[in-house]
2 protein chains.
Amino acid sequence: MPLPHPLPDEIVDLIARRFRAIGEPMRIKILDRLRTGEATVADLTLGLGAGQQNVSKHLGVLADAGIVGRRREGNKVFYAIVDESVLSICETVCGTVEQQLRELHRLLAPTAQR
Amino acid sequence: MPLPHPLPDEIVDLIARRFRAIGEPMRIKILDRLRTGEATVADLTLGLGAGQQNVSKHLGVLADAGIVGRRREGNKVFYAIVDESVLSICETVCGTVEQQLRELHRLLAPTAQR
DNA sequence: ATATTCTACAACTGTTCGGTTGTTTAGTAT
DNA sequence: ATACTAAACAACCGAACAGTTGTAGAATAT
């Protein structure tokens, strides 16, 4: 909490960068997969139905943001979530999204209400 | 937490959209300002040193995402944070960013260590 | 009514960024 | 050494987006 209130631009940029690192569908899927434990690029490529280069690129973004870390073992590179705080953040957002979805269904399904 | 684990694409998109709504410097500044209470577009324009149209546009994005809400009073439109969860999220991220900054300073200031 | 103030909308521009393709590096096996 | 696998790097293309400019709508004042 010792952050100054009129946040300096540097800090603001860092925060924005962090949010944008997470705010991409493929990267969210990667994080969702990594929640169950570390995985190699090949694992993620198969599980997500994306190209290897694409997955590798997104992993690079997440690694640069300090959210995931690499561990080399022989031929393969294992990725794992390093910053555990993203999990709690995602849970919070998921909760809000759930609530929004419920509202949407309530609004978009008037047939069941009349 | 009743969200299915292999998250469906729709949900993933919603989550990503939400993160991207926050992941922009100007919008973070707006939210930081709104933390102290509601404000008009003119207030924000003055306080943030940005154009009125620009501020209004960003407020529109935040409103579409359901993060802020409007309240009209005569000539002016007051904006306020509606989704309180973004505050806790921002605090978490700020904490992580702080930690990163401390690490950076430790790494980039070796003169004081030798 | 007209003028003024505050806000939102529309069109344009430059940049950013995601995805694909092709290539390259690192490690292992034969 | 060559051959093979795994992962990363580089270049391109197209879509999305932030910021500016100009304008339009809504409320108040004269």
Side-chain angles (χ1 to χ4, degrees), chain A residues 9 12-34 38-82, chain B residues 7 9-10 12-34 38-82:
Chain A
D9 288 3
V12 170
D13 277 347
L14 279 178
I15 298 174
R17 196 176 302 273
R18 193 160 191 80
F19 275 107
R20 296 204 358 210
I22 309 177
E24 209 282 327
M26 185 69 71
R27 292 200 279 270
I28 291 180
K29 290 184 185 178
I30 290 176
L31 289 175
D32 184 47
R33 168 65 183 80
L34 287 182
E38 63 180 5
T40 67
V41 177
D43 292 339
L44 296 168
T45 300
L46 287 177
L48 300 177
Q52 175 264 320
Q53 293 91 333
N54 195 3
V55 171
S56 187
K57 201 170 178 178
H58 285 300
L59 283 171
V61 174
L62 290 173
D64 282 348
I67 296 175
V68 303
R70 316 176 207 255
R71 177 177 69 83
R72 176 144 224 155
E73 186 172 303
N75 226 359
K76 313 191 172 191
V77 176
F78 288 84
Y79 281 85
I81 293 180
V82 168
Chain B
L7 295 170
D9 288 3
E10 289 183 4
V12 170
D13 277 346
L14 280 178
I15 298 173
R17 196 175 302 272
R18 194 160 190 80
F19 275 106
R20 297 214 331 230
I22 310 176
E24 209 280 328
M26 185 68 70
R27 292 199 281 270
I28 291 179
K29 289 183 184 178
I30 290 176
L31 289 176
D32 184 47
R33 167 66 183 78
L34 288 181
E38 63 179 5
T40 67
V41 178
D43 293 339
L44 295 168
T45 299
L46 286 177
L48 300 177
Q52 174 266 318
Q53 293 90 333
N54 195 4
V55 171
S56 187
K57 200 170 179 180
H58 285 300
L59 283 171
V61 174
L62 290 174
D64 283 348
I67 297 176
V68 304
R70 315 175 209 255
R71 177 176 70 83
R72 177 144 223 154
E73 185 171 303
N75 225 1
K76 314 191 172 191
V77 176
F78 288 84
Y79 281 86
I81 293 181
V82 167

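Listed pair B/Asn54 / D/dT20 meets the phosphate criterion, a side-chain N or O lying under 4.0 Å from OP1 or OP2. Within the structure, every side-chain polar atom (N or O) of B/Tyr79 is placed at least 4.0 Å from both OP1 and OP2 of C/dC6. When the side-chain nitrogen and oxygen atoms of A/Arg72 are compared with OP1 and OP2 of C/dA26, none of them lie within a distance under 4.0 Å. In terms of phosphate contacts, B/Ser56 brings a side-chain nitrogen or oxygen within less than 4.0 Å of OP1 or OP2 of C/dA8. Listed pair A/His58 / C/dG19 meets the phosphate criterion, a side-chain N or O lying under 4.0 Å from OP1 or OP2. Between B/Arg20 and D/dA16, a side-chain N or O to OP1/OP2 separation shorter than 4.0 Å is absent.
The interatomic distance linking A/Asp64 (CG) with D/dC9 (C1') rounds to 13 Å, in whole Å. At whole-Å resolution of the value, NZ in A/Lys76 and C1' in D/dC4 are 14 Å apart. Rounded to an integer number of Å, the gap from CD1 of B/Ile22 to C1' of D/dA18 is 17 Å. For the pair A/Leu62 CG and C/dC17 C1', the interatomic distance rounds to 14 Å; values are reported in whole Å. The distance between atom CD of A/Glu38 and atom P of D/dA7, rounded to the nearest whole Å, is 12 Å. When rounded to the nearest whole Å, the span between CZ of B/Arg70 and C1' of C/dC6 equals 13 Å. The nearest whole Å value for the distance from the CZ atom in B/Phe19 to the C1' atom in C/dC17 is 18 Å. Nucleotide C/dT20 holds its P atom 7 Å from the CE atom of A/Met26, rounded to whole Å.
For A/Gln53 against D/dA7, a side-chain-to-base donor-acceptor contact under 3.5 Å is absent. A donor-acceptor contact under 3.5 Å is formed by the side chain of B/Lys57 with the base of D/dG19.
In the displayed structure, B/Arg17 atom CZ is contacted under 6.0 Å by at most 12 heavy atoms of other residues, nucleotides or ligands.
The line from CZ of A/Arg27 to CG of A/Leu48 is 13.0 Å long, rounded to the nearest 0.5 Å. Here the CZ atom belonging to B/Arg70 is positioned 10.5 Å from the CG atom belonging to B/Leu62, to the nearest 0.5 angstrom.
Using a 4.0 Å heavy-atom distance criterion, A/Glu24 is classed as a sugar-phosphate-only contact. When heavy atoms are screened at a 4.0 angstrom cut-off, B/Gly51 is found touching no nucleic acid atom at all.
Comparing A/Gly74 and B/Leu59, the nucleotide of DNA chain C nearest to each residue sits closer to the 5' end for B/Leu59. Mapping A/Gln52 and A/Asn75 onto DNA chain D by nearest heavy atom places A/Asn75 closer to the 5' end of the strand.
Under the 4.5 Å side-chain criterion, counting only non-hydrogen atoms from C-beta, B/Val61 is not in contact with B/Asp64.
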Tell me, with the steps shown, if A/Asn54 and A/Thr45 meet side-chain contact (heavy atoms from CB on, under 4.5 Å).
CA-CA 9 Å; A/Asn54 195 3; A/Thr45 300; over 6 Å; no

